[in-house]
Amino acid sequence: MTLRDILHHPDPRLRKRAQPVTRFDDTLSVLIDDMFETMYAAPGIGLAATQIDVHQRLFVLDVSAEKNAPLHLVNPSIIKTEGRFESEEGCLSVPGILETVCRAEKIEVRAYDRKNTKFELDAEGLLAVCIQHEIDHLNGKLFVDYLSGLKRNRIRRKLEKERRQLL
């Protein structure tokens, strides 16, 4: 397995819409395994392929406290939403920033696994938030897009300043 580099906002590659996965082969399995390793090492609870500059509709997550419930979704789509829920979100591509975002409280999602087996999943709470967050990445959207323009600009400037200081 290989650790992958995670793109950081405002990198324009994060805005690229991911394409459906069409090949379910060993290359896909290696990518999924690399994504899990990268996510756990970061550390994070979710990682979309877009965040590592692979523009395929795929993400991994593990919202368990013990980090022992890995889940991957290939070509995911939300087929039902219910309720509204506000929670604090962060993102590996927007490091050090936590903001409150409103999302659906419960969702039903349809996806495929690495062997091209279709499944449906009912999710609520943190799992539902994480799935919605990662699907947003696949659509070229970041959680900061839910914030006011003033907050988005403040976050972008802060991250750009931090990046300049590292160079």
Side-chain angles (χ1 to χ4, degrees), residues 1 4 6-9 14-22 24 28-29 31-52 54-149 151-152 155 159:
M1 291 189 283
R4 306 284 187 110
I6 297 173
L7 301 176
H8 292 136
H9 176 62
L14 288 167
R15 299 302 185 169
K16 189 172 179 181
R17 188 173 179 84
Q19 298 303 307
V21 172
T22 57
F24 292 79
L28 178 64
S29 283
L31 174 61
I32 291 169
D33 292 341
D34 288 354
M35 290 175 64
F36 275 119
E37 184 173 353
T38 302
M39 177 191 73
Y40 287 128
I45 62 170
L47 182 70
T50 302
Q51 293 177 271
I52 58 167
V54 175
H55 301 283
Q56 295 183 26
R57 296 192 70 78
L58 155 72
F59 64 85
V60 299
L61 58 87
D62 187 343
V63 298
S64 68
E66 301 81 18
K67 300 300 178 209
N68 63 356
L71 181 64
H72 66 277
L73 286 82
V74 180
N75 297 333
S77 61
I78 295 173
I79 54 178
K80 184 178 176 187
T81 65
E82 184 180 320
R84 301 303 294 160
F85 177 71
E86 279 193 353
S87 66
E88 196 169 67
E89 289 187 32
C91 181
L92 296 175
S93 291
V94 189
I97 305 295
L98 294 173
E99 291 289 343
T100 301
V101 175
C102 187
R103 296 195 183 268
E105 182 177 16
K106 297 178 182 180
I107 62 169
E108 185 177 340
V109 64
R110 180 177 298 135
Y112 296 83
D113 67 13
R114 69 176 76 208
K115 297 183 188 298
N116 199 16
T117 303
K118 186 183 345 182
F119 65 94
E120 290 184 4
L121 174 69
D122 292 320
E124 61 183 275
L126 181 59
L127 179 59
V129 167
C130 190
I131 290 170
Q132 291 170 86
H133 178 108
E134 301 308 330
I135 288 176
D136 275 353
H137 275 299
L138 302 179
N139 294 328
K141 188 172 186 174
L142 300 172
F143 85 98
V144 295
D145 296 339
Y146 291 95
L147 307 176
S148 70
K151 278 188 177 181
R152 277 195 313 274
I155 290 167
L159 293 174

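Since we're looking at a predicted model, the values are computed, not measured.
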Any donor and acceptor pair, going by atom type alone, linking the side chain of [X] with main-chain N or O of [Y] inside 3.5 Å?
{"X": "His72", "Y": "Arg114", "result": "yes"}
{"X": "Ser93", "Y": "His9", "result": "no"}
{"X": "Lys67", "Y": "Asp62", "result": "yes"}
{"X": "Arg152", "Y": "Leu147", "result": "yes"}
{"X": "Asp145", "Y": "Leu142", "result": "yes"}
{"X": "Glu134", "Y": "Ala48", "result": "yes"}
{"X": "Glu86", "Y": "Thr100", "result": "no"}
{"X": "Asn75", "Y": "Pro20", "result": "no"}

- Message: Name the residue from Leu138, Leu14, Thr38 that meets the side chain to side chain contact (heavy atoms under 4.5 Å, CB included) definition with Gln51.
- Response: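 Filter result, single survivor: Leu14.
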Compare every heavy atom of [Y] with every heavy atom of [X], then report the nearest pair and how far apart it is.
{"X": "Lys115", "Y": "Phe24", "result": "C-CD2, 4.4 Å"}
{"X": "Leu92", "Y": "Pro43", "result": "CD2-O, 3.6 Å"}
{"X": "Pro70", "Y": "Tyr40", "result": "CB-OH, 3.5 Å"}
{"X": "Ile131", "Y": "Ala123", "result": "CD1-CB, 4.0 Å"}
{"X": "Val63", "Y": "Cys130", "result": "CG1-CB, 4.0 Å"}
{"X": "Ala69", "Y": "Ser64", "result": "N-OG, 3.4 Å"}

Minimum side-chain heavy-atom gap [X]-[Y] below 4.5 Å:
{"X": "Arg4", "Y": "Met35", "value": "no"}
{"X": "Asp113", "Y": "Phe119", "value": "yes"}
{"X": "Glu99", "Y": "Val144", "value": "no"}
{"X": "Ile45", "Y": "Leu61", "value": "no"}
{"X": "Arg15", "Y": "Thr50", "value": "no"}
{"X": "Asp34", "Y": "Ile52", "value": "no"}
{"X": "Ser77", "Y": "Ile79", "value": "yes"}

Could you grab the distance from atom [atom1] of [X] to atom [atom2] of [Y], nearest 0.5 Å is fine?
{"X": "Ile155", "Y": "Phe143", "atom1": "CD1", "atom2": "CZ", "result": "6.0 Å"}
{"X": "Leu98", "Y": "Glu89", "atom1": "CG", "atom2": "CD", "result": "10.0 Å"}
{"X": "Arg110", "Y": "Lys118", "atom1": "CZ", "atom2": "NZ", "result": "5.5 Å"}
{"X": "Glu88", "Y": "Ile97", "atom1": "CD", "atom2": "CD1", "result": "11.0 Å"}
{"X": "Thr81", "Y": "Glu108", "atom1": "OG1", "atom2": "CD", "result": "10.5 Å"}
{"X": "Leu28", "Y": "Thr22", "atom1": "CG", "atom2": "OG1", "result": "9.5 Å"}

- Report the relative orientation of the aromatic rings in His137 and His133; use parallel for angles under 30°, tilted for 30 to 60°, perpendicular for over 60°.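 Perpendicular: the ring planes of His137 and His133 meet at over 60°.
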- With Lys141 as the cation and Tyr146 as the aromatic partner, state whether NZ or CZ is under 6.0 Å from the six-membered ring centre and within 45° of the axis.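 The answer is yes; both the distance and angle limits are met.
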- Should Arg57 and Tyr112 be marked as a side-chain contact (heavy atoms from CB on, under 4.5 Å) after you check the CA-CA gap, both sets of side-chain angles, and the distance that decides it? CA-CA 10 Å; Arg57 296 192 70 78; Tyr112 296 83; over 6 Å; no
- Report the C-alpha separation of Phe59 and Ile135 in whole Å, then their side-chain angles, then the decisive distance to 0.1 Å, and conclude whether the side-chain contact (heavy atoms from CB on, under 4.5 Å) test is met. CA-CA 8 Å; Phe59 64 85; Ile135 288 176; 3.7 Å; yes
